[in-house]
Each structure stands twice: as structure tokens, then as C-alpha cells.
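First comes the structure, then the notes that go with it.
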Number of protein chains: 2
Amino acid sequence: MSTVSNVLNGRSGRMRKETLARVENAIAQLKFHPNPAALRLKTGRTSLIGLLVPSLANPMFGAIAREIETFAQERYGHRVLIGSTYRDKEKEATFFEDLLAHGVRHVIVISSLADERHFDTMIERGMTVVSYDRLAAKGRTSKVVHVTPDNFEAARLATEHLIEYGHKRLAFATVAGMTLSRSAKIQGFQAAASHSGLQKTAIVLNGGLLDEYGDSVMSEIGRTLAFQLAADPSRSTGVVAVNDLMALGLMAGLREAGLRVPQDVSIVGIDGLFLAALSNPALSTVQLPVADMARAMVDCAIAPKAEGEVHACEQVFMPTLLVRRESVAPPPVPATESATGRGARNARA
Amino acid sequence: MSTVSNVLNGRSGRMRKETLARVENAIAQLKFHPNPAALRLKTGRTSLIGLLVPSLANPMFGAIAREIETFAQERYGHRVLIGSTYRDKEKEATFFEDLLAHGVRHVIVISSLADERHFDTMIERGMTVVSYDRLAAKGRTSKVVHVTPDNFEAARLATEHLIEYGHKRLAFATVAGMTLSRSAKIQGFQAAASHSGLQKTAIVLNGGLLDEYGDSVMSEIGRTLAFQLAADPSRSTGVVAVNDLMALGLMAGLREAGLRVPQDVSIVGIDGLFLAALSNPALSTVQLPVADMARAMVDCAIAPKAEGEVHACEQVFMPTLLVRRESVAPPPVPATESATGRGARNARA
DNA sequence: TTGAAAGCGCTAACAT
DNA sequence: ATGTTAGCGCTTTCAA
């Protein structure tokens with residue numbers, strides 16, 4: 001029995017070849033697969049990785065989940081235990097408890113709550129947690145691994161694109177509720193604006209709060225924001241959306257409000273969803289390196305670490321590039337200052 | 001010990017109240033949670049449910065997965081072990097093996113291969129498998145539970161909508177590779193066409209094959225099909241897409257080819273993704289009852305069944321309704337028979 | 001180099 | 001009504 005165990009665990013040096021062959025033969029013959037439950041019970045390990053997303057219905061998270069699942073499986077033979085948090089602290093905590101109970105030691109958390117102190121508890125209990133879309137808070141040394149796109153840079157790139165086309169009145173459209181990634185994007189937006197002396201007219205449009213229905217309301221918020229924008233005679237002519245879904249909602253809302261994209265308002269998204277190519281006009285967006293980030297997350301989560309290794313690493317991925325499509329054009333030439341407006345409730349957020 | 005076990009398993013009748021209270025107290029005090037691995041090892045059961053989707057990156061499957069995950073958790077306290085198959089037989093089989101090894105007894109398979117005989121093996125090995133988007137093949141009695149929208153009816157509804165607007169030349173756009181759901185849709189399409197004497201001009205447009213990249217190429221295929229359509233002087237004026245993603249791709253392609261939706265060509269989708277409301281023009285589509293179906297699948301998969309119960313049930317869900325938006329209009333009035341065409345390579349599929 | 005035995009945390013049969 | 005025990009399938013000492 002222990003010899004078989006040794007074979008299974010690669011300690012084939014401790015027996016003579018003949019025995020090894022005999023065991024391997026039997027394993028093949030019987031199609032023997034170690035029972036994960038027994039393994040789990042004995043060792044505490046399991047070949048499962050936890051994945052926490054705000055909502056599976058959000059195509060961006062779907063895209064990331066897809067890459068994570070594929071890679072974890074191919075590279076490490078791990079399956080994925082998935083859960084939606086709807087950005088709810090309670091749900092997130094419950095999920096972590098369940099994971100622990102199921103023996104899952106590796107978990108990837110996509111865009112969780114602003115506060116990640118609760119991760120430390122889990123790490124002390126033996127988990128490796130990889131957090132997406134944020135960096136460690138200043139002054140805190142946690143053992144959480146962070147993998148994130150450079151959100152500042154992504155937003156800066158998007159904003160630059162608008163400036164390059166001559167836009168003077170810029171806006172950044174986001175949802176209420178501040179996360180690190182959102183504030184990094186806002187900073188990138190403002191940095192780009194300031195760099196061109198446009199900070200005075202660069203505004204942040206804060207839409208509604210994501211409710212329990214998760215991220216499929218993101219585009220609804222974009223739509224609402226679009227109406228606010230449309231109602232403002234001195235509206236921004238170029239807007240950077242916090243993500244592609246927001247951008248899509250913005251475009252739909254603008255159109256409903258009678259404004260044209262890009263003739264009246266230009267829009268740039270961030271993410272690079274395949275859906276961005278399908279919109280009308282096709283959405284210009286900053287492409288994030290989804291597959292690379294997914295691989296990095298899986299590696300950080302699962303790869304065996306050297307014993308004393310301080311495991312807090314931070315990986316920041318550059319946005320691959322700006323995908324220029326059709327949603328950006330030069331700003332409209334104003335006949336008079338407020339020619340494009342229609343007498344409106346002053347509805348800026 | 002066994003008393004505790006009895007408490008945990010609801011057999012609280014076998015002890016006196018006082019003991020029950022004492023045990024419950026201790027459980028609360030110690031925050032005791034039964035170890036799933038031990039439970040699994042002992043009983044063979046686990047509180048995990050398997051979910052197989054063609055691709056997580058497909059928003060429709062994301063939407064379904066979201067509902068399944070939420071309901072399985074809320075109703076049964078089950079977590080979801082998810083995997084993408086990319087519609088590959090090998091990957092599907094591997095996933096099933098892994099599930100079995102992990103002790104998972106309940107699995108939901110979304111839109112799998114045409115042939116589902118391999119499920120029988122798994123069922124014999126103690127699994128409950130629920131299959132989405134198909135009915136049992138005629139003449140076969142398997143123990144697979146089927147939950148599906150009425151695809152025939154969905155396509156019929158979509159087609160009727162086009163006919164109602166006066167379209168005479170109809171097309172159904174789909175991908176290569178026949179699944180039961182796709183063929184049911186085609187039949188619904190043809191039935192509606194025939195019903196109005198339009199069968200002569202009702203054609204099926206078969207796009208490319210879904211490759212290993214999964215369903216994000218669905219819209220690419222739509223785009224390609226759009227070019228074929230545009231090149232045909234006597235093209236169909238109303239097209240039903242096999243799903244919303246295909247419809248979105250079709251619209252993008254048509255636009256690139258210089259055709260307008262709905263003025264030149266009308267499009268109807270099937271699914272009712274939230275994305276359909278965001279397109280330009282907003283996509284008219286047949287809404288499927290995603291949440292209801294998800295619940296039904298989870299119930300069928302997990303709910304304890306009476307012993308001898310013949311377990312093959314078939315649940316067919318009616319499409320809730322047609323969502324009328326902007327992608328359908330009356331057909332263009334032809335100046336002469338082929339006025340709208342541009343001398344084209346005859347490119348029909 | 002191999003075998004024997006303990007034990008991971010439970011459940012269920014059995015004994016008390 | 002409660003306690004005792006075997007055993008689910010492994011890993012890992014320890015002994016041979």
C-alpha cells in the first residue's frame with residue numbers, strides 16, 4: 001500500500017524498477033484514480049480552485065473566468081469552484097467559509113470589496129488568495145497577491161485618445177461606490193486632462209449604485225448617465241467609460257436621447273470585450289490583457305511556493321493597446337456656445 | 001458522537017430535549033461545521049453540483065450559470081463546480097470523470113454534444129444528469145432529465161413577427177453543426193414560413209463551425225453570413241438568428257456591408273440577453289425564461305427523488321414573449337426586382 | 001525495499 | 001437515549 005502511495009507521489013526512487021513497473025501496470029490496468037475525498041481528508045489539500053466574481057452575467061468576468069478555468073485545468077489539473085458575490089460582504093464571507101470547508105486552499109477573487117482585510121484571516125487559515133483589479137492599500141502589508149491591469153494607464157490612454165481628437169470638455173463615467181480600480185481610472189483620466197490643461201472642464205459622472213442584481217445593471221446606469229449628459233447644454237463632448245458595458249449603455253442612452261455617437265459625443269471604453277466590436281458605432285476601447293492576467297492569477301494561486309517565501313507580490317499588467325474603432329471623432333463645432341443643447345433640466349450628477 | 005451525528009442529520013427524535021439543547025449549544029459555541037471531505041468520504045455525497053457550459057465567455061451561458069449558481073446555493077446550499085467544454089467530446093468526458101472522482105452526483109449540462117449516450121454511463125455510475133436545450137432523442141429512453149425552452153416555438157414566434165411586418169423572403173441564420181436545439185429552431189422557422197405560403201423563399205443560412213475558441217466566434221459567423229447576404233441581390237429581407245449573439249454579429253456585418261437594419265434587412269434574435277437592448281438598432285428578440293429554466297434544472301438535479309421513481313422527465317418552457325424593439329420594419333419596397341442588389345458574387349451558403 | 005498500522009472526521013450499525 | 005466501534009481511501013510514520 002505505501003509503495004503504491006509512493007509511486008503515486010513520485011517517490012519512485014524508493015523501490016526497485018521491477019516493483020515500480022508492477023505497480024504502474026496495475027494502476028493502468030485498473031484505471032486507478034486516487035479518490036480526491038480521501039486525499040483531501042488525509043492531506044487537507046484538494047485539486048479545486050475557488051473563483052469569486054461579482055457576477056457571472058457580466059461578460060468581462062465571463063471572459064476572465066473562461067481563461068482562468070482553462071488554464072487552471074490545463075496547467076494544474078485543477079477544477080474551478082465558482083461563486084457570485086454581487087459585491088456583497090456577507091456572500092463573500094460565506095463563500096470563503098465554504099471553500100475552506102471543502103478544503104480549497106487557492107482562491108482568486110475578482111474585484112471584491114474595497115476593504116480586503118478579511119482576506120488576512122483566510123490566509124492565516126492556510127489559503128492563498130489572489131486578488132484581481134487592485135493593489136495593496138498603502139501602508140498595509142498583507143500576504144494577498146495582487147494581479148491587476150494598470151487602470152491608471154488604461155484610463156489615461158483612453159483620455160489621451162479623446163484629447164488627440166480635439167476634445168476639450170471631458171467626462172469620466174462610472175458607477176457610485178468607489179473601488180481601488182475605479183479610483184485609479186479616475187486618476188488616470190484626470191492626469192491626462194491636466195496634462196493638456198483640461199482639468200477645469202474634466203468631470204466625473206457618477207451613476208447609480210450596482211444593486212444586488214449584479215453587473216448587468218452596469219449598462220442601465222450608463223443609459224441613465226447618458227440622459228443626464230444629453231440634458232446638459234454645455235455637456236462634455238468626449239467621455240471615457242469605466243468599462244465597456246458602461247460605454248455600451250452610454251451609447252444606447254445617448255441615442256435614445258437624440259444624440260449621435262461620435263458626431264455629438266465621443267465614447268471610449270475600457271476592457272476590450274468582443275462585444276465592443278459589435279456595437280454601432282463600433283466601440284473604441286482600451287484592450288486589457290485578459291488571458292495574460294488570468295494565467296498570472298492561476299500561477300500565483302496554485303504554483304507551490306518556497307517555504308519562507310514572502311508571498312505578497314504585485315503584478316501590474318499594461319493595457320495592450322487602444323483599439324481604435326468608430327466611437328470617437330472630433331468634437332462638434334459649436335454654432336454658439338449652447339447650440340447643441342435643448343432647454344433642459346440641469347441634470348449633471 | 002453518534003448523538004451529535006443524529007442532531008446534525010435531523011434525527012433529533014432519538015434523544016431527549018435536554019441533550020439536543022446541549023448539543024446544539026456546543027455546535028453554536030464551537031461554530032462547528034461538518035467537514036465536507038469526511039462526509040464525502042463516508043457517504044459518497046458532496047454538496048457540489050457540476051455545471052458544464054460550452055463557454056463561459058458566451059453571455060447567454062453566463063446568464064444561465066448565474067441563475068443556477070444563485071439558486072443552487074440559496075435553495076440547496078450547493079456550490080458550483082464549473083467547466084467549459086468548447087463542445088468537445090474529450091473535454092466533456094474528462095470533466096465527468098473528474099466530477100465523479102470529486103464525488104459530485106448532480107450535474108447540469110448546457111447544450112452539449114448532439115449525442116448524449118455517454119450520459120447513460122454516468123447515470124449508471126450514480127449521477128443525476130440534467131441536460132439543457134434538448135429533448136430526448138426519439139425512441140431512446142434514457143434517464144437523462146431534459147429541461148429546454150421550446151425552441152420550435154421560439155423560432156416560430158420570431159418568424160411570425162417578420163411575416164407580420166410583410167416580409168416575403170425569409171432566412172434563418174445559424175452555425176454549421178446540427179444540434180437538436182438548432183434543428184428545432186429551423187423547424188419552427190420553416191413551419192411559420194409554410195403556414196404563410198412562404199416556404200419557397202425561406203432559406204437556411206449556414207455559417208462556419210464553432211471552433212475551439214468557443215462561442216465568442218458566434219458573432220463572427222454572423223458577420224460573415226451578413227456579407228453573404230449583402231452580396232445577394234435577391235437577398236432575404238427578414239432574418240431570424242439562431243441566437244442573440246448571431247443577431248448582433250449579423251447586424252454588425254450588414255452595417256459594414258452598407259446595408260441598414262431594419263430598413264434594408266430586418267433581424268430577430270432568440271434569447272433575450274440584456275445586451276440585445278443595447279444594440280443599435282435595439283434588437284427585437286424572443287425572450288427565454290432563463291431564471292425559470294435554471295431553477296427547474298437545479299431542482300431536477302438536486303431534489304431528492306423517491307426510490308423507484310422513473311427519472312426521465314422532460315420539461316419544456318415556453319418562450320415568455322417576443323420583445324419588440326427596433327430591428328424589425330417592413331421590407332424595403334423594391335424599385336425593380338433587384339434594385340437593391342449590387343452585382344455580386346453569388347455567395348449564398 | 002516493502003509491509004503494517006494509525007488516523008484524517010465523519011456515519012451507521014450495534015451494544016449498552 | 002447514549003456510547004462504542006468499524007471503516008470510507010488515502011498518507012505517513014515506523015518496523016521488518
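Values below: all heavy atoms of this structure, side chains included; hydrogens, waters and symmetry mates excluded. Keep in mind the model is a prediction, meaning the values are calculated, not measured. By convention in this document, chain letters (A, B, ...) are assigned in the order of the sequence lines, proteins followed by strands, and residues within each chain are numbered from 1.
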Kindly determine whether A:Glu314 and A:Arg134 satisfy salt bridge (Lys or Arg N to Asp or Glu O under 4.0 Å), including the steps that lead there.
-> CA-CA 9 Å; A:Glu314 312 267 330; A:Arg134 48 168 301 159; over 6 Å; no
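Between the CG atom of B:Asn9 and the P atom of C:dC10 there is a distance of 11 Å, rounded to whole Å. For B:Leu30 and C:dG9, the CG to C1' distance is 15 Å, given to the nearest whole Å. In this structure, B:His102 atom NE2 and D:dG9 atom P are separated by 16 Å, rounded to whole Å. Taking atom CZ on A:Arg40 and atom C1' on C:dG7, their separation rounds to 15 Å, with Å as the unit. In this structure, A:Leu39 places its CG atom 6 Å from C1' of D:dC10, rounding to the nearest Å. With rounding to whole Å, B:Arg11 atom CZ is found 11 Å from C:dA13 atom C1'. Distance CG (B:Asn35) to C1' (C:dC8): 8 Å, rounded to an integer number of Å. Distance, A:Leu100 CG to C:dG9 C1': 15 Å, rounded to whole Å.
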Restricting both atoms to N or O, compile the protein contacts to nucleotides 1-5 of chain C shorter than 3.5 Å, with distance only.
| from | atom 1 | to | atom 2 | distance (Å) |
| --- | --- | --- | --- | --- |
| C:dT2 | OP1 | A:Arg16 | NH1 | 3.4 |
| C:dT2 | OP1 | A:Thr19 | OG1 | 2.2 |
| C:dT2 | OP2 | A:Thr19 | OG1 | 3.1 |
| C:dG3 | N7 | A:Ser2 | OG | 3.0 |
| C:dA4 | N6 | A:Ser2 | OG | 3.3 |

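Across all strands, A:Arg45 comes closer than 4.0 Å to no nucleic acid atom at all (heavy-atom distances).
There is a side-chain donor-acceptor pair under 3.5 Å between A:His146 and A:Glu116. No donor-acceptor contact under 3.5 angstrom links the side chains of B:Tyr132 and B:Ser181, judged on distance only.
With D:dT12, D:dC10, C:dC10 as the choices, the nucleotide that has an atom nearest any side-chain atom of B:Lys42 turns out to be C:dC10. Distance from the side chain of B:Pro34 is smallest to C:dC10 among D:dG9, C:dC10, D:dT12.
In this structure, A:Thr43 contributes its side chain and A:Arg45 its backbone to a donor-acceptor pair below 3.5 Å. The closest donor-acceptor contact from the side chain of B:His78 to the backbone of B:Ile49 lies at 3.5 Å or more, if one exists at all.
Classified by interplanar angle (parallel below 30°, tilted 30° to 60°, perpendicular above 60°), the ring pair B:Phe71/B:Tyr76 is perpendicular.
With values rounded to the nearest 0.5 angstrom, A:Ile82 atom CD1 is found 12.0 Å from A:Leu48 atom CG.
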